[in-house]
Visitor: 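This structure is in structure tokens; I'll ask about it shortly.
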Number of protein chains: 2
Amino acid sequence: MAATRLSSMTTSLHHRAIENLGTRIVSGNLPAGHVILAEQLEDELKVSRSVIREAVRVLQSLGLVETTKRVGIRVLPPSRWNPFDPQVIRWRLASDARGAQLRSLAELRAAVEPAAAELAAGNAPAPLRLELVDVAYAMREAGHNGDVPRFLELDIQFHSLLLSGSGNEMFANLMGQVAETLTGRTVHGLMPDHPHEAALQWHVDVAEAIARGDAEAARDASDRIMRRTMSQMSDTWTEQPRVFIPVRR
Amino acid sequence: MAATRLSSMTTSLHHRAIENLGTRIVSGNLPAGHVILAEQLEDELKVSRSVIREAVRVLQSLGLVETTKRVGIRVLPPSRWNPFDPQVIRWRLASDARGAQLRSLAELRAAVEPAAAELAAGNAPAPLRLELVDVAYAMREAGHNGDVPRFLELDIQFHSLLLSGSGNEMFANLMGQVAETLTGRTVHGLMPDHPHEAALQWHVDVAEAIARGDAEAARDASDRIMRRTMSQMSDTWTEQPRVFIPVRR
DNA sequence: GAGTTTTGATGTCTGCACACATCGGTGTCA
DNA sequence: TGACACCGATGTGTGCAGACATCAAAACTC
């Protein structure tokens, strides 16, 4: 009944509540151990109890909060968060922990892509292998021409095809994060106009190795790409503090 | 033992609703594209709207369903599910796709652990390195003595320490899945009473390499463990169909 | 200190109003 | 007559408000 004139012009109240709370928690604005009351959130966000409850349920499933009767909604420490959830990753990228998140993603990618290349050489469907080779050639050309936007587009496509071609749905799921990483790297001007000549050839090597089913060569070439990428980026985040998640026994 | 503290515990209606729907969707009982109505779920599960709505919100955040006005709650295809969510993994392990899920996890682990070993050699805190060596020695002893339960316990601890010691929270988050994999392998009688002699030594090699900060040696030894594990298990799931997630453009 | 009662927050239920995508009927125009 | 654009009816999720149930922390009693 109340003035809901300004209601869902943009997104649903539910999403806005999740976004608001998720951002505040991941940014550290709401520190671990802090207790919030549902009623207090209703007042703050000017929404009804159902909206708050549904949002809290989602955050609970992400490991960001826990609810206890007679206590309230308690913020959980980062070690309890699901670090693979796309929303959590997005919130972390928008927080002070951006550098640490980028490093984590890069390390994961460096571990996974060579494995994906190895698997793709054995399992990828034939059309995908052909497309991979085409894209690698196009990348090389775009790189030589200094066509940065097109290179980025092809780069994303290349690595997406690689992950998809592995036939492992967990690897494939990383496509989105990889795309975001590559885009971010380009947008922030960390990419030269003309990519490293050897790196371009390594992409071709990966594609051709996969095309002919040479798992070991595909893996090695992919590993070279990843090691170069890591060494390029390592300078920027050396001072990022590492977080060691304790072993739960 | 994993996964369930059911029975005697009176789990909340909310959790039961999530469990019921999640299981049905992941098992394929509710196929992709199928539309359910919230009211229908209230009747089926004999719970109120609020419980259903909160459960659906959670499933929505996992990518299992989407809601559309005037249509209902639509089940999404597996390519939309979040393959890293612990609940989704658990539901898949309890479904016909168990074999495929185990393979995916094993492939992910095979990719990540050597990378984690490499990172741990450079970053792990000193006490963790020492503990890792102790555990590796204890593993070797338990292996020689044929003490299967103790070996399993130490095996889990070893790999958890390794992942934790990497200082990458995404790697560390895989501890739970690894523990479940190792436990499942033992429970299902896939482990011999006396583990492979060389594998025992490789664990020691990993630990000692990390202890002395030799990243390359740590990685290589870990890689040997993983490759042996993969080749051991590959027989059991060769006929599991692979799912290729399409590249979204 | 152990056991009991009180208290206060989440958990669950229900009725209502609203937003809005879809469907089907109606009217117009070729 | 047939094709097509329009528009209102319909159904379903979304959001709101208030009540009662439940249960664990905290206070209290012995």
Side-chain angles (χ1 to χ4, degrees), chain A residues 1-22 24-25 30 32-76 80 87, chain B residues 5-22 24-25 30 32-76 80 87:
Chain A
M1 207 77 69
T4 45
R5 276 300 89 85
L6 63 154
S7 67
S8 57
M9 277 290 286
T10 51
T11 58
S12 69
L13 296 181
H14 172 70
H15 284 108
R16 268 193 278 174
I18 290 182
E19 204 62 26
N20 182 303
L21 290 174
R24 278 203 278 171
I25 292 172
L30 288 175
H34 192 265
V35 172
I36 332 169
L37 268 46
E39 191 181 346
Q40 171 186 342
L41 290 175
E42 297 175 35
D43 297 344
E44 274 185 33
L45 305 184
K46 299 283 191 289
V47 293
S48 70
R49 189 146 173 239
S50 58
V51 172
I52 294 297
R53 288 188 52 81
E54 287 164 25
V56 167
R57 289 299 201 191
V58 171
L59 297 177
Q60 194 179 25
S61 86
L62 301 182
L64 264 61
V65 301
E66 70 181 358
T67 61
T68 315
K69 279 183 173 175
R70 170 82 202 209
V71 174
I73 301 155
R74 183 181 295 115
V75 177
L76 294 175
R80 299 283 299 275
Q87 296 189 104
Chain B
R5 51 202 49 143
L6 53 104
S7 62
S8 66
M9 278 297 283
T10 45
T11 57
S12 69
L13 295 181
H14 173 69
H15 288 307
R16 268 192 278 174
I18 290 181
E19 203 63 26
N20 182 304
L21 289 174
R24 280 203 277 171
I25 292 172
L30 288 176
H34 192 264
V35 172
I36 332 169
L37 270 45
E39 192 182 347
Q40 172 186 341
L41 290 175
E42 298 173 30
D43 297 343
E44 274 186 33
L45 305 185
K46 300 279 190 290
V47 294
S48 68
R49 274 208 308 290
S50 56
V51 171
I52 294 296
R53 285 174 51 169
E54 288 163 24
V56 168
R57 289 300 199 190
V58 171
L59 296 176
Q60 192 179 26
S61 86
L62 302 182
L64 264 61
V65 301
E66 70 181 357
T67 61
T68 317
K69 280 179 179 172
R70 167 78 200 199
V71 175
I73 302 154
R74 183 181 295 116
V75 177
L76 294 176
R80 300 283 297 276
Q87 295 190 104

Visitor: Could you name each residue pair satisfying salt bridge (Lys or Arg N to Asp or Glu O under 4.0 Å) that touches residues 37-48 of chain B, not counting sequence neighbours?
Guide: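 As it turns out, the salt bridge (Lys or Arg N to Asp or Glu O under 4.0 Å) pairs with a partner in residues 37-48 of chain B, which skip direct neighbours, are B:R24-B:E44.
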Visitor: Taking atom P of C:dT10 as reference, at what distance in whole Å does atom CD of A:E39 sit?
Guide: 8 Å
Visitor: So, taking the atom named CD in B:E54 and the one named OG in B:S48, what distance separates them when rounded to the nearest 0.5 Å?
Guide: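 It is 8.0 Å, given to the nearest 0.5 Å.
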Visitor: Between atom CD of A:Q87 and atom OG of B:S61, what is the distance when rounded to the nearest 0.5 Å?
Guide: 6.5 Å
Visitor: Heavy atoms within less than 4.0 Å of DNA chain C: which residues of residues 42-65 of chain A have one? Give them sorted by number.
Guide: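 Heavy-atom cutoff 4.0 Å gives A:R49, A:R53, A:R57.
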Visitor: From CG of B:L41 over to C1' of D:dG13, roughly how many Å is that when rounded to an integer?
Guide: 13 Å
Visitor: Measuring from atom CG of B:L76 to atom CG of B:L59, what distance do you get when rounded to the nearest 0.5 angstrom?
Guide: 10.5 Å
Visitor: Expressed in angstrom and rounded to an integer, what is the separation of A:H15 atom NE2 from D:dG13 atom P?
Guide: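 Roughly 16 Å, once rounded to whole Å.
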Visitor: How long is the line joining CD of A:E66 and P of D:dA24, in whole Å?
Guide: 13 Å
Visitor: What nucleotide, of D:dT22, D:dG13, C:dG8, holds the atom closest to the side chain of A:R70?
Guide: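 For the A:R70 side chain, the nearest candidate turns out to be C:dG8.
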Visitor: Start at the 5' end of DNA chain D and walk down; is the nucleotide closest to A:H14 or to A:V71 reached first?
Guide: A:H14
Visitor: Compare all side-chain heavy atoms of A:V65 with those of A:L30 and state whether any distance is below 4.5 angstrom.
Guide: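 Answer no - side chains too far apart.
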Visitor: Counting just side-chain N and O atoms, does A:T68 come under 4.0 Å of either OP1 or OP2 of C:dT10?
Guide: no
Visitor: My understanding is that only residues two or more places apart in sequence, or in another chain, count here; which of them pass salt bridge (charged side-chain N to carboxylate O under 4.0 Å, His left out) with A:R74?
Guide: A:E66
Visitor: Take atom CG of A:L13 and atom P of D:dA17, then tell me their distance rounded to the nearest Å.
Guide: 12 Å
Visitor: Using only heavy-atom distances, decide whether a donor-acceptor pair under 3.5 angstrom links the side-chain of B:K69 to the base of D:dT12.
Guide: no
